[in-house]
Every structure is written in structure tokens, then in C-alpha cells.
Amino acid sequence: LEPGRARLRVAPQVPGDWHDWHAEVPLPEGGIALSATSGRLRIRVTDPRVQVVEAPPDAIVEGARHAAVTPLGEPSLAG
């Protein structure tokens, strides 16, 4: 999640035998609905501030631009 919630990363970690599931994540100006049917991930964004969703390549993204998941940076110990 970037400051301002303009870019989100979605990488659900559910048990392997969960082929159908649904989850909702509230955000201040809307939310994100995640669902999987027969293992196919669908992401629906209703917060207008979210412009880009990083998600697996086979995910369906509605309400924002779909982008490839970028590698996470190394943790910083600098303070």
C-alpha cells in the first residue's frame, strides 16, 4: 500500500483447497472486494484513490489498472 493508497499489492495466501472464497477490505473512500471462483481471482476496487493494483497475471481487476507484482525491496534497518 503506497501513501495515499494509489497503488495496492494483492497476493492472497489461502489454503490450496480453497477454490471458492470471498473477502472484503474496507478503505476510507470505498473498499476492495476479493473473490475466487474455481481458483480464478477477481479484484473489485471501489475507492477512487486506488489507481493501480499489483496482482497475479491471471487475476481480473475492475476499477483500477492491473499491474504485474513487483519484487519487494529489502528491509531497511537505517533509522
Side-chain angles (χ1 to χ4, degrees):
L1 184 65
E2 282 186 353
R5 296 173 188 83
R7 185 180 192 100
L8 299 176
R9 175 179 305 203
V10 176
Q13 301 294 311
V14 298
D17 59 348
W18 286 21
H19 301 289
D20 300 310
W21 55 270
H22 179 84
E24 294 190 21
V25 180
L27 296 173
E29 294 184 26
I32 302 171
L34 307 164
S35 62
T37 304
S38 299
R40 182 78 187 255
L41 178 62
R42 180 179 300 267
I43 303 163
R44 187 171 50 87
V45 179
T46 59
D47 188 323
R49 297 173 305 160
V50 177
Q51 298 173 12
V52 177
V53 174
E54 292 184 15
D58 59 343
I60 299 167
V61 177
E62 301 170 351
R65 186 171 60 83
H66 185 185
V69 175
T70 57
L72 292 174
E74 292 293 320
S76 173
L77 300 177

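The analysis underlying the following values was restricted to heavy atoms, covering all of them including side chains, and did not include hydrogens, waters or symmetry mates. In this chain, numbering begins with 1 at the start of the sequence shown.
Pairing each heavy atom of Val10 with each of Pro56, the nearest pair is O-CD, 3.5 Å. Residues His66 and Ala55 approach most closely at NE2-O, 3.3 Å, considering heavy atoms. Smallest separation of non-hydrogen atoms from Val69 and Glu54: CA-OE1, 3.7 Å. The shortest non-hydrogen separation linking Ala64 to Val53 is CB-CG2, 3.9 Å. Across Arg40 and Asp58, no two heavy atoms sit closer than the pair NE-O, 2.7 Å.
Cluster membership for Trp21 and Ile43, using ILVMFWY side-chain heavy atoms within less than 4.5 angstrom, is shared. A single hydrophobic cluster is seen to contain both Val25 and Leu8, as judged by linkage of ILVMFWY side chains at heavy-atom distances under 4.5 Å, directly or through other members.
A 4.5 Å side-chain heavy-atom check between Asp47 and Ile32 finds every atom pair outside the cut-off. Annotation: side chain of His22 is in contact with side chain of Ser35 (closest heavy-atom distance under 4.5 Å).
Interatomic distance, CD of Glu29 versus OG1 of Thr46, reported as 10.0 Å (0.5 Å rounding).
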